[in-house]
**Q** 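Structure below; questions to follow.
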Amino acid sequence: MSRQSMRANDPKKVSGELFTLTYGSLVAQLLKDYENVDDVNRQLERMGYNIGMRLIEDFLARANPGRCYDLRDTADKIQQAFKLYLGVSPSIGSWSPGGDEFSVVLETNPMAEFVELPDHCLGLRYSNILAGVIRGACEMVQLEVMAWFIADQLKGDNVTEIRVKFVKRLEDAIPAGED
Amino acid sequence: MAVAGNYYFAIVGHHDNPVFEMEFTPANKEPKKEDHRHLNQFIAHAALDLVDESMWTTSNMYLRLVDKFNEWYVSAFVTAGRIRLICLHDVKNDDGIKSFFMEMYETYIKHSMNPFYTPNSPIKSAAFEKKAHFYGRKYLTG
């Protein structure tokens with residue numbers, strides 16, 4: 001009875017373990033389908049990109065973060081989003097001297113709980129979907145960034161680290177054919 | 001604590017295939033007789049029928065002693081997914097074996113949550129072996 005009332009509060013919430021296991025079988029199935037680790041990495045990034053494009057709207061509606069005036073604001077918003085959607089608090093660090101690159105550092109990665117990478121796919125970027133989400137979300141707010149993993153706890157590193165690099169600001173282009 | 005004994009531990013899958021095997025010998029006894037491996041597998045396999053019979057008689061996962069062969073006792077533990085954990089031992093050590101089974105059960109659950117592990121396939125993980133070693137030393141051979 002009590003569990004029903006909990007779920008009635010927000011029917012869209014699922015248990016973290018269900019999410020982790022679903023993502024795990026997604027990656028395992030992709031690996032079986034493509035068999036090539038690089039293809040799987042690329043697909044995960046693309047899937048993340050599609051998710052990010054849609055997630056940004058939800059984030060803007062829920063958190064109402066306001067405009068970003070420079071990359072540091074953007075980094076803060078990304079930090080907020082991780083907290084909102086994954087329940088983890090990453091730290092932002094390792095700013096490049098020019099201020100156009102930074103790292104999102106995760107002490108724990110909820111998507112990779114219980115996972116051990118098998119020997120034949122050590123090049124797999126298991127959480128590559130996250131890099132895609134960052135890229136997709138930023139692109140929808142006219143910011144082109146590159147995001148990639150530079151450290152992964154599944155590969156033996158201490159933390160999981162995503163590097164984000166600002167490429168350029170996207171201007172709204174008038175569609176071809178219109179004046 | 002426990003009288004020094006030899007133990008052979010095996011996790012058996014649904015098709016009577018060994019998923020994981022490990023032997024534990026007391027720390028002081030160095031010379032290992034290699035012939036026993038085949039005998040241990042044979043005894044464990046023969047005990048599987050008895051395990052399958054007795055798993056329906058009780059609602060416990062720990063089945064205690066199910067079989068005896070010459071000087072070897074066979075204890076068994078069945079998980080909810082019908083994965084059988086078999087332990088061959090030559091000394092009685094009910095408490096130690098029960099604790100060992102419970103810990104290996106938990107370790108097995110955590111391992112099977114790995115999306116890259118297909119159930120009933122052999123367990124090759126070094127982390128799993130390390131845990132088995134550790135718990136074996138803790139609860140079985142002391």
Side-chain angles (χ1 to χ4, degrees), chain A residues 14-41 43-45 47-48 51 86-88 108-130 132 149 152-158 160, chain B residues 9-24 59 61-62 77-86 99-139:
Chain A
V14 297
S15 95
E17 249 176 40
L18 174 62
F19 174 67
T20 303
L21 290 175
T22 306
Y23 183 68
S25 27
L26 172 76
V27 177
Q29 192 60 47
L30 276 177
L31 210 51
K32 274 193 209 116
D33 289 343
Y34 285 101
E35 284 171 23
N36 178 354
V37 165
D38 291 322
D39 283 341
V40 176
N41 287 338
Q43 284 303 320
L44 284 175
E45 210 270 346
M47 287 163 59
I51 292 177
L86 288 180
V88 287
T108 62
N109 184 357
M111 298 170 62
E113 268 186 76
F114 308 121
V115 178
E116 237 181 82
L117 284 183
D119 293 328
H120 59 90
C121 41
L122 292 172
L124 178 69
R125 285 180 223 132
Y126 186 82
S127 312
N128 215 20
I129 208 168
L130 295 176
F149 274 84
D152 196 347
Q153 278 168 321
L154 291 178
K155 301 209 176 116
D157 302 314
N158 289 338
T160 306
Chain B
F9 170 68
I11 302 183
V12 186
H14 292 148
H15 309 290
D16 293 350
N17 53 314
V19 161
F20 181 75
E21 293 169 275
M22 187 166 263
E23 288 185 11
F24 301 98
S59 61
M61 291 197 285
Y62 179 47
F77 181 102
V78 186
T79 73
R82 216 177 78 86
I83 297 290
R84 291 157 288 185
L85 283 69
I86 309 281
S99 314
F100 178 71
F101 274 148
M102 295 300 294
E103 298 285 4
M104 287 318 296
Y105 177 42
E106 268 216 45
T107 314
Y108 176 78
I109 292 177
K110 290 203 187 100
H111 181 81
S112 65
M113 297 274 265
N114 182 3
F116 297 112
Y117 172 69
T118 33
N120 280 324
S121 63
I123 295 180
K124 300 254 176 22
S125 147
F128 191 89
E129 278 174 35
K130 220 159 68 169
K131 287 223 180 87
H133 238 92
F134 173 73
Y135 290 126
R137 185 129 327 130
K138 183 171 177 196
Y139 291 113

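Everything numeric here is computed off the predicted structure, so don't read it as measured data. The analysis underlying the following values was restricted to heavy atoms, covering all of them including side chains, and did not include hydrogens, waters or symmetry mates. Naming convention: chains lettered A, B, ... in sequence-line order (proteins, then strands); numbering from 1 in each chain.
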**Q** Output the distance between atom CE (B:M113) and atom CD (A:E113), rounded to the nearest 0.5 Å.
**A** 8.0 Å
**Q** Would one find more than 12 heavy atoms of other residues, nucleotides or ligands at under 6.0 Å from atom NZ of B:K130?
**A**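 For B:K130, atom NZ is not crowded (no more than 12 foreign heavy atoms under 6.0 Å).
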**Q** Considering all heavy atoms of both residues, which atom of B:P115 and which atom of A:A28 are nearest to each other, and what is their separation?
**A**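 Closest pair (atom of B:P115, atom of A:A28, distance): O-CB, 3.5 Å.
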**Q** When you look at CE of B:M22, are more than 12 heavy atoms from neighbouring residues, nucleotides or ligands closer to it than 6.0 Å?
**A** yes
**Q** Look at atom CD of B:E129 and say whether more than 12 heavy atoms of other residues, nucleotides or ligands are closer to it than 6.0 Å.
**A** yes
**Q** Is atom CZ of B:R137 surrounded by more than 12 heavy atoms (other residues, nucleotides or ligands) closer than 6.0 Å?
**A**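 No, because the 6.0 Å sphere around CZ of B:R137 holds 12 heavy atoms or fewer from other groups.
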**Q** What pair of heavy atoms forms the shortest contact from A:V115 to B:N114, and how long is it?
**A** CA-OD1, 3.7 Å
**Q** Can you tell which part of A:L31 gets under 4.5 Å to a heavy atom of chain B, answering side chain, backbone, both or neither?
**A** side chain
**Q** Go through the atoms of A:E17 and report whether side chain, backbone, both or neither lie under 4.5 Å from a heavy atom of chain B.
**A** side chain
